[in-house]
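Report on one structure; see the data block that follows.
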Amino acid sequence: GEAMRTIILSDIHGEAETLCGMLEELNFDPATEELVVLGDALDYGTSPAETYIALRNLAEQMEKRFVYIRGEHEQMLLDALLLTRGQIANGLLWKQNGGKETLASLQERRLPPGKTALWLKDHTRTWYECQDFIAVHADIADEVIWNNEPETFLWGNRCIEENNYAGKLTVFGHHRVEFPTYLDGSGVESRFHPNYGTWFQLPLRGAIALDTGCGEENGYLTAMIVENGMMRFERI
């Protein structure tokens with residue numbers, strides 16, 4: 001059969017129009033293709049509730065072909081809205097970090113925040129691995145998933161700062177980069193910025209940073225398209 005096309009997006013931060021515009025631009029087909037969202041989909045932004053609704057609809061249509069990685073913003077939302085230790089402090093932290101916009105947006109659309117949190121809890125995961133790559137939100141230390149601390153996936157920064165990961169290809173967001181950035185894991189300041197719109201051989205090892213600051217000043221959303229052992233980047 002035809003190899004399935006996978007679209008990877010990161011750090012949408014409540015920009016529903018940008019998300020939907022990107023999927024349209026790529027002629028994304030929810031019936032046959034795979035979508036991987038690398039977390040921090042809500043908080044800040046002009047339309048967090050609409051972003052949530054769009055992702056929820058995709059999840060329903062796509063089932064297993066929809067992968068939603070939990071970022072620290074999803075984690076803060078869960079810690080704030082579901083019963084947790086230190087819930088009041090967690091609520092304040094979240095509200096100061098884009099949660100205020102998300103709450104207002106949910107209330108405007110009459111979406112109960114608690115229900116939203118439960119959906120996110122059930123539909124996000126801290127990592128995903130397929131034949132071609134591993135997907136996490138922020139960082140990875142070891143290609144053997146169980147050898148990583150859960151915090152590394154949510155908050156870590158060693159891979160991007162030290163270029164010290166040379167395991168199976170991993171894609172991540174979280175760290176704002178100007179362009180998609182390939183890190184080979186050699187430990188030296190070696191970074192490769194693949195041009196937009198060009199097909200490249202999918203690397204077997206190392207890591208790719210994808211958060212190009214959607215919704216921020218001078219920022220935009222980057223998509224990584226994976227097909228037949230090749231990769232291409234588009235931005236909107």
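Position 1 is the first residue of the sequence; numbering continues from there. Excluded from the calculations below are hydrogen atoms, water molecules and symmetry mates; all remaining heavy atoms, backbone and side chain alike, are included.
Under a 3.5 Å cut-off, the side chain of T32 and the backbone N or O of P30 do not form any donor-acceptor pair. A distance-only check finds a donor-acceptor pair linking the side chain of N163 to the backbone of V188 [under 3.5 Å]. Under a 3.5 Å cut-off, the side chain of N57 and the backbone N or O of A54 do not form any donor-acceptor pair. Looking only at distances, a side-chain donor or acceptor of T51 sits under 3.5 Å from a matching main-chain atom of S47. Under the 3.5 Å distance criterion, the side-chain polar atoms of E33 are matched with a main-chain donor or acceptor of D29. Side-chain N or O atoms of R125 include none that pairs as donor or acceptor with a backbone N or O of R70 at under 3.5 Å. A donor-acceptor pair under 3.5 Å is absent between the side-chain atoms of N164 and the main chain of G187, judged by distance alone. A donor-acceptor contact shorter than 3.5 Å links the side chain of E74 to the backbone of D40. The backbone N or O of P194 lies less than 3.5 Å from no partner atom in the side chain of T198, so there is not a single donor-acceptor pair. No donor-acceptor pair closer than 3.5 Å links the side chain of H73 to the backbone N or O of D11.
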Validation: residues 204-226 side-chain donor-acceptor distances under 3.5 Å, sequence neighbours left out:
| unit_1 | atom_1 | unit_2 | atom_2 | d |
| --- | --- | --- | --- | --- |
| R205 | NE | A166 | O | 2.8 |
| R205 | NH2 | A166 | O | 3.4 |
| D211 | OD1 | G213 | N | 2.9 |
| T212 | OG1 | Y220 | O | 2.7 |
| T212 | OG1 | T222 | N | 3.4 |
| T212 | OG1 | T222 | OG1 | 2.8 |
| E216 | OE1 | R176 | NH1 | 2.9 |
| Y220 | OH | E178 | O | 2.4 |
| Y220 | OH | R235 | NH1 | 2.8 |
| T222 | OG1 | Y196 | OH | 2.6 |

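How far CG of L81 is from CG of L103: 6.0 Å, rounded to the nearest 0.5 Å. Between the OG1 atom in T6 and the CD atom in Q131 there is a gap of 10.5 Å [rounded to 0.5 Å]. Rounded to the nearest 0.5 Å, atoms OH (Y44) and CG (N97) are 4.5 Å apart. The distance from the CG atom of L35 to the CE atom of M62 is 5.0 Å, given to the nearest 0.5 Å. With rounding to the nearest 0.5 Å, the separation of CD in E34 from CZ in F66 is 11.0 Å. A distance of 9.5 Å separates CG of L120 from NE2 of H123, quoted to the nearest 0.5 Å.
For the side chain to side chain contact (heavy atoms under 4.5 Å, CB included) with F172, the qualifying choice from I140, I8, L183 is L183, the only one to do so.
With salt bridges taken as basic N to acidic carboxylate O contacts below 4.0 Å, none links E227 and R232. A salt bridge between R191 and E189 is present, with a side-chain N of the basic residue lying under 4.0 Å from a carboxylate O of the acidic one.
D79 and N90 share no side-chain donor-acceptor pair at under 3.5 Å.
Side-chain heavy atoms closer than 4.5 Å link hydrophobic residues (I, L, V, M, F, W, Y) into clusters, and following such links, possibly through other members, connects L55 to L111.
The aromatic rings of Y68 and W119 lie tilted to each other, with the angle between the two planes from 30° to 60°.
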Exercise. Decide ring pair (Phe, Tyr, Trp, His ring centres under 6.0 Å) for F192 and F200; before the verdict, give the C-alpha distance in whole Å, the side-chain angles of both, and the deciding distance to 0.1 Å.
Key: CA-CA 12 Å; F192 170 65; F200 294 89; 5.6 Å; yes

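Residue pairs meeting the salt bridge (Lys or Arg N to Asp or Glu O under 4.0 Å) criterion with at least one member in residues 41-59, sequence neighbours excluded, are E50-R109.
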